[in-house]
Student: 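Quick one: this structure, given as structure tokens, is what I'll be asking you about.
Reminder, nothing fancy here: chain letters follow the sequence lines and each chain counts from 1.
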Protein chains: 2
Amino acid sequence: MTDTSTCEIKTKLQVTCRNCSLSDLCIPRGLSQEDINRIAHIVGRRKTLHKGDYLYRKGDKFRGIMAIKAGTAKLLTSDLHGNEFLTGYLLPGELLGFDALADDQHSFSAVALETLNYCELPADQLDNLCREVPNLLRELFRHVGETLASETDVNVLTRRPADERVAGFLLNLSDRLSRRGFSAIDFKLSLTRQEIGNYLGLALETVSRSLKNFEDSGLITVHNKLIHIADMERLRSQYGRH
Amino acid sequence: MTDTSTCEIKTKLQVTCRNCSLSDLCIPRGLSQEDINRIAHIVGRRKTLHKGDYLYRKGDKFRGIMAIKAGTAKLLTSDLHGNEFLTGYLLPGELLGFDALADDQHSFSAVALETLNYCELPADQLDNLCREVPNLLRELFRHVGETLASETDVNVLTRRPADERVAGFLLNLSDRLSRRGFSAIDFKLSLTRQEIGNYLGLALETVSRSLKNFEDSGLITVHNKLIHIADMERLRSQYGRH
DNA sequence: CGGAAACTTGAAACCTTTCAAGAGTCGTGG
DNA sequence: CCACGACTCTTGAAAGGTTTCAAGTTTCCG
């Protein structure tokens, strides 16, 4: 019993932004300790979802900005003909919800790719909070800007040949993971080949073949969803874009 | 002499947001008359550029948000290999500069495609102005959201076949023009086939062929850069996405 | 363990690009 | 005002990369 309650206290403590291991990564970067405290009691407690659960659905009213604490998510949208498009892949520490900024309702659906933890900055308190914490506004804008930039990256990437797209995808992932404290050379893809292909505008078979190419060239090793980057230098120089 | 000075006064009056013919379209939408007045004296006077002039260059420090009053502009970026990418095409009444939000320096270059008029909301006054005019903040966020949404649109579009991409480009243009009071069925492309192709991830010859296809099908007529949409219904139903 | 889903691999089909040549458009200067 | 040259656009044919189709293998999960 005491064990359980200790555990509960720990969990509660973890909920606050101040103690969050991701505090440098999601919103609070660039905010003072005082700022963070003020945000902490407004950010909702951490919530948990499971694989396939929706964080929100296309058309939903904007509820707030969400920060992924653990797990990954994908963003989906579709056109009239029923074609589905995977428009985003979110990692722990990344923010989502900006797709509702234009008209207050989401243009994407967000789906958990595995068990997922997140917390939320409620929309109805954003205004007040921004007034109280001036730096928060700048941080939010910066995040939207990053979202915009990453959208452009994919945009530019999909005008390149298949191998470059897949390599760009791996390098982008590697970069984002390492910035968040994960390994830059060993990671697991939560997306299927089909989903990666959808994201990059390629057939799933082409993704498979590109990965094979890289493996044959000694750039990476692939074990199903597990990727190991064996020669980052060469991968970058052959296929890198920045 | 009196004539000239009258003309000058007119020009000066036109400079303020209050009298701007685009007031419903750029920032002030959703702002009260009072709000607009407060913005008006901060927005710089209208500036003029000519074809090929830069509004800003990739790497430039963020100076502020710009609103195009007359003329069009393109957004360019490039990768390490020197490949250039056209990532945007801006019409009168549209805002640009958001590509500097992430790290305070522009990730695109913005180039005038013809004689261009614009005004500017200076970066160093954005904070103060947002404090004074609470609705402005929401408007700005809404605009960033729209920029994000249109980026996604292109993203999704470039995963479709060539004809659909070109049709989507025309429909998008038609829609944006009509929302700004221009004809939805007769308009001039300021971009070359090469640039359209770059924007859509197609060879310039493919753009030319797609336009030819539409013309042969009676959907549009083309006279060099002049486009006339002859059968909007069919164009939409065959190639539309929303 | 068994079935469904995911992945790999090969070959043919298809769409888009590339290459090439000619026609049209535009701006400038004689 | 016409001519010239540069740039843009069109059009055809061949080349090339990616997709589709198909079949077999592996992985995952109940």
Student: If you check every side-chain atom of A/Asn224, which of C/dT17, D/dT20, C/dC7 has the closest atom?
Tutor: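 Nearest nucleotide to the side chain: C/dC7.
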Student: Give a yes/no on whether any side-chain N or O of B/Lys212 is located under 4.0 angstrom from OP1 or OP2 of D/dT11.
Tutor: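 The answer is yes; a side-chain N or O of B/Lys212 sits under 4.0 Å from OP1 or OP2.
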Student: Hey, does the side-chain of B/Gln194 have a donor or acceptor N/O within less than 3.5 Å of a partner on the base of D/dC7?
Tutor: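 It does not, because no donor-acceptor pair links the side chain of B/Gln194 to the base of D/dC7 below 3.5 Å.
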Student: Any donor and acceptor pair, going by atom type alone, linking the side chain of B/Ser109 with main-chain N or O of B/Lys58 inside 3.5 Å?
Tutor: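 Yes, B/Ser109 side chain to B/Lys58 backbone: donor-acceptor pair under 3.5 Å.
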Student: Begin from the C-alpha positions of A/Thr72 and A/Leu116 and carry the test side-chain contact (heavy atoms from CB on, under 4.5 Å) through to its verdict.
Tutor: CA-CA 7 Å; A/Thr72 59; A/Leu116 184 145; 5.8 Å; no
Student: Does A/Arg193 make a side-chain N or O approach to OP1 or OP2 of C/dC7 shorter than 4.0 Å?
Tutor: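 Answer yes for this pair, as a side-chain N or O of A/Arg193 is under 4.0 Å from OP1 or OP2.
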Student: Which whole-number value in Å describes the distance from B/Leu191 CG to D/dT8 C1'?
Tutor: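 So the CG-C1' distance, B/Leu191 to D/dT8, works out to 13 Å.
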Student: Would you mind reading off the distance between A/Glu215 atom CD and C/dC7 atom P, rounded to a whole angstrom?
Tutor: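 In whole Å, C/dC7 P lies 14 Å from A/Glu215 CD.
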Student: The side chain of A/Thr192 lies closest to which of these nucleotides: D/dC9, C/dA6, C/dT16?
Tutor: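 Closest of the options to the side chain of A/Thr192: C/dA6.
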Student: Tell me whether B/Arg57 forms a cation-pi arrangement with B/Tyr54, defined as NZ or CZ under 6.0 Å from the six-membered ring centre and within 45 degrees of its axis.
Tutor: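 Yes, cation above the ring, under 6.0 Å and within 45°.
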Student: Could you state the atom-to-atom distance from CG of A/Leu189 to C1' of D/dC28 in whole Å?
Tutor: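 About 16 Å, once rounded to whole Å.
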Student: Starting from P on C/dC15, measure out to CZ on B/Arg160 and report it in whole angstrom.
Tutor: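 Distance, rounded to whole Å: 13 Å.
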Student: CD1 of A/Ile196 versus C1' of C/dT8: gap in Å, rounded?
Tutor: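 About 14 Å, once rounded to whole Å.
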Student: Could you please name the option among C/dA6, C/dT8, D/dT8 that lies closest to any side-chain atom of A/Leu204?
Tutor: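 Closest nucleotide among those given: C/dT8.
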Student: Consider the side chain of B/Leu202, meaning its heavy atoms from C-beta on, and name the nucleotide among D/dT18, C/dT17, D/dT10 that approaches it most closely.
Tutor: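 Looking only at heavy atoms from C-beta outward on B/Leu202, the closest nucleotide is C/dT17.
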Student: So which heavy atom on B/Arg236 is nearest to which on B/Leu171, and how close?
Tutor: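 Answer, listing the atom of B/Arg236 first, then B/Leu171: CG-CD2, 3.9 Å.
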Student: At under 4.0 Å between heavy atoms, what does B/Gly201 touch on the DNA or RNA strands: base, sugar-phosphate, or nothing?
Tutor: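 It contacts sugar-phosphate atoms only.
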Student: Is B/Lys225 near enough to D/dC9 that one of its side-chain N or O atoms lies under 4.0 angstrom from OP1 or OP2?
Tutor: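 For B/Lys225, the contact criterion (side-chain N or O under 4.0 Å from OP1 or OP2 of D/dC9) is met.
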Student: Which part of the nucleic acid, if any, lies within reach of B/Thr206 when heavy atoms closer than 4.0 Å are counted: base, sugar-phosphate only, or nothing?
Tutor: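 Touches a base.
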Student: Just the rounded figure in Å: distance from P of D/dT8 to CG of B/Asn198.
Tutor: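 For the pair B/Asn198 CG and D/dT8 P, the rounded distance is 13 Å.
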Student: Looking only at N and O atoms, is any donor in the side chain of A/Arg209 or the base of D/dG17 less than 3.5 Å from an acceptor on the other one?
Tutor: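 Looking at the base of D/dG17, it does not pair with any donor or acceptor on the side chain of A/Arg209 (distance under 3.5 Å).
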Student: Tell me: CG of A/Leu200 to C1' of D/dT19, nearest whole Å?
Tutor: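 The distance from CG of A/Leu200 to C1' of D/dT19 comes to 15 Å, rounded to the nearest Å.
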Student: Evaluate whether atom NZ of A/Lys188 has more than 12 neighbouring non-hydrogen atoms of other residues, nucleotides or ligands under 6.0 angstrom away.
Tutor: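 Count over threshold, so yes.
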Student: What's the closest nucleotide to the side chain of A/Glu205 if the choices are D/dC9, D/dT20, C/dC7?
Tutor: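 Given the options D/dC9, D/dT20, C/dC7, the side chain of A/Glu205 is closest to D/dT20.
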Student: Could you tell me the separation between the NZ atom of A/Lys51 and the C1' atom of C/dA6, rounded to a whole number of Å?
Tutor: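 The distance from NZ of A/Lys51 to C1' of C/dA6 comes to 11 Å, rounded to the nearest Å.
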